[in-house]
Amino acid sequence: MQKEYLTQSYDFTLPDELIATHPASPRDHAKLLVYDRKTDTITHTYFYDFEKFIPKDCALIFNDTKVIKARLFGLKPSGGKLELLINRALNAHDINVYIRGKVKIGTLIVFDENLNARVTKLNEDGSREVNFYKDEVLLRFEDILPIIDIIGHIPLPPYIQRKDNKEDENEYQTVFAREEGAVAAPTASLHFTKEQHDRVCQNFKHAYVTLHVGSGTFKPVDVEIITQHPMHSEYYDISNAAKKLLDSTTPILSIGTTSTRTIEFYDKHGKVQRGEANLFLHPNNKPSRVNHLLTNFHLPKSTLLMLVASFVGLEKTQELYAEAIKEKYRFYSYGDAMLLIN
């Protein structure tokens, strides 16, 4: 069995102090590791110098999804406390969630603002399905959003072991977030200040796609062979401007793994502009349309780490991560960034 297929090949030890629990301030003062594949060279810099390394004549694709306040705290009628994390809308009324606490089909969960949820299905993967009501009226997903914006909490990733605060409402959101629906941020984009984003967009072709990032993005691969991993599915939408760029020969710099999954699913699956994407990129399923990648540093044994390896190979990925650890880069959602260029 080739090493690239073995989940264990994507494991590494990360010192706890390198797990970022707060963002860099200002955003663009995060560190940036630049790897040039043509010259096989590494440059250590800061994100405010990002533009200097953007290859000429390429277009940037951003994910404009917006994180919702998906973590809710409620009560059963008996008074028992429950925590509910919205994962994704399956349709207008059926919402896939995770619930911390014991529930069964029919369990009613009571929240503030007269919002209730009733459990309709228990899934084998540990997730649940619920319908939301306000004053006994069944709500559509879009009707829930303004209510949870009042009572909900920012769904910080599980490895950020603290409660969310007011700062996170701004910091765990990109400056160009627009389409509500994600429960995890497209983290490579968190490094952009508004001024830097505006400047980059003035100087380079660019467009936006939407991928509503689900909590499955954090799920580690727990099978021995990576191709046996059931890849999670997320809703995506390709704007007309993005479609025009993707259908051209313009080199693409993808801003983040979420944009990459969207672009590559579009390119590999019939160029359909919207739907459900469940593409798993790894060294034996390489990107076909994205040329350059901006990304953060990811969890061991994660599909995101395997996506990085699809660009530069397993051994180079291991080398880059070892270098980042040696140079004390900060890891994960609030951590530092890496730019892979040809």
Side-chain angles (χ1 to χ4, degrees), residues 1-21 31 33-35 37 40 42 87 98 123-127 156-161 184-188 211 213-234 254 256-261 264-265 268 277-288 290 293-340:
M1 180 66 66
Q2 291 177 295
K3 290 187 298 183
E4 289 84 358
Y5 281 108
L6 299 177
T7 301
Q8 193 61 37
S9 298
Y10 300 88
D11 198 10
F12 63 91
T13 300
L14 182 70
D16 287 345
E17 63 268 20
L18 297 186
I19 299 175
T21 58
K31 292 165 75 172
L33 187 157
V34 182
Y35 175 61
R37 284 175 281 180
D40 192 27
I42 293 172
N87 183 36
Y98 291 95
N123 295 321
E124 289 185 6
D125 64 0
S127 68
L156 292 179
Y159 46 75
I160 298 181
Q161 295 181 359
T187 55
L211 182 82
V213 193
S215 57
T217 195
F218 301 119
K219 181 177 170 56
V221 177
D222 55 12
V223 292
E224 183 181 357
I225 300 169
I226 65 173
T227 50
Q228 295 174 351
H229 175 72
M231 189 65 178
H232 61 284
S233 179
E234 296 157 315
S254 180
T257 58
T258 63
S259 298
T260 303
R261 294 205 299 272
E264 291 295 327
F265 187 88
K268 293 173 182 284
N278 63 346
L279 183 66
F280 184 8
L281 290 172
H282 51 74
N284 294 289
N285 185 25
K286 297 179 184 295
S288 57
V290 176
L293 172 67
L294 177 71
T295 185
N296 276 24
F297 293 95
H298 304 293
L299 291 162
K301 298 183 180 179
S302 65
T303 58
L304 304 181
L305 180 58
M306 294 162 190
L307 183 151
V308 172
S310 76
F311 279 83
V312 297
L314 172 61
E315 289 186 8
K316 182 55 67 175
T317 300
Q318 292 169 333
E319 180 185 323
L320 292 172
Y321 269 57
E323 175 74 6
I325 291 171
K326 180 171 77 75
E327 295 297 326
K328 298 193 183 310
Y329 277 68
R330 299 161 73 244
F331 275 60
Y332 308 159
S333 296
Y334 271 152
D336 297 316
M338 177 166 64
L339 176 63
L340 306 175

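At least one donor-acceptor pair closer than 3.5 Å links the side chain of Y10 to the backbone N or O of E4. The closest donor-acceptor contact from the side chain of D336 to the backbone of L33 lies at 3.5 Å or more, if one exists at all. Within the 3.5 Å criterion, the main-chain N or O of S127 finds a donor-acceptor partner in the side chain of D125. Under a 3.5 Å cut-off, the side chain of K286 and the backbone N or O of P283 do form a donor-acceptor pair.
Not counting sequence neighbours, the partners of A20 by the side-chain contact (heavy atoms from CB on, under 4.5 Å) test are R330, Y334. Applying the ring-ring contact (aromatic ring centres under 6.0 Å, His included) test to F297 and every residue at least two apart in sequence or in another chain returns Y321, Y329, F331. Applying the ring-ring contact (aromatic ring centres under 6.0 Å, His included) rule to F218 yields the partners Y159; only residues at least two apart in sequence or on another chain are considered. Evaluation of the ring-ring contact (aromatic ring centres under 6.0 Å, His included) rule for H232 yields no partner, not counting sequence neighbours.
Within the 4.5 Å cutoff, side-chain heavy atoms of Y98 are placed close to those of S215. Residues L304 and T295 fail the side-chain proximity criterion, which asks for heavy atoms closer than 4.5 Å. For the pair F12 and L305, the minimum side-chain heavy-atom distance is below 4.5 Å. At least one side-chain heavy atom of N284 sits under 4.5 Å from a side-chain heavy atom of Q2.
The shortest heavy-atom contact between A188 and G256 is CB-CA, 3.7 Å. Residues V213 and A184 come closest through the heavy atom pair CB-O, 3.3 Å. The two residues T258 and P186 come nearest to each other via the heavy atoms OG1-CB, 3.5 Å. Residues N296 and G335 approach most closely at ND2-O, 3.7 Å, considering heavy atoms. Minimum interatomic distance between V221 and S302 (heavy atoms only, all atoms of both residues): CG2-C, 4.4 Å.
Note that CG of L320 and CD1 of I325 are 11.5 Å apart. Values are rounded to the nearest 0.5 Å. Here L307 contributes atom CG and T257 contributes atom OG1; the two are 6.0 Å apart, rounded to the nearest 0.5 Å. Interatomic distance, L281 CG to E264 CD, rounded to the nearest 0.5 Å: 5.5 Å. Atom-to-atom distance recorded for T303:OG1 and N278:CG is 11.5 Å, nearest 0.5 angstrom. Distance check, rounded to the nearest 0.5 Å: CD1 of I19 to OG of S333 gives 11.0 Å. One distance of note links CG of D11 with CG of L6; it measures 12.0 Å at 0.5 Å rounding.
Using a cutoff of 4.0 Å between basic side-chain nitrogens and carboxylate oxygens, E234 and R261 are scored as salt-bridged.
The side-chain hydrogen bond (donor to acceptor under 3.5 Å, both in side chains) analysis of residues 216-231, with sequence neighbours excluded, yields no pairs. Within the structure, salt bridge (charged side-chain N to carboxylate O under 4.0 Å, His left out) pairs that include any residue of residues 297-317 comprise K3-E315, D40-K316, K316-E319 (at least two apart or interchain).
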Q: Decide yes or no on side chain to side chain contact (heavy atoms under 4.5 Å, CB included) for L14 and Y332, but give the supporting numbers first.
A: CA-CA 11 Å; L14 182 70; Y332 308 159; 3.4 Å; yes
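Heavy-atom neighbours of E17 CD from other residues, nucleotides or ligands within 6.0 Å: above the threshold of 12.
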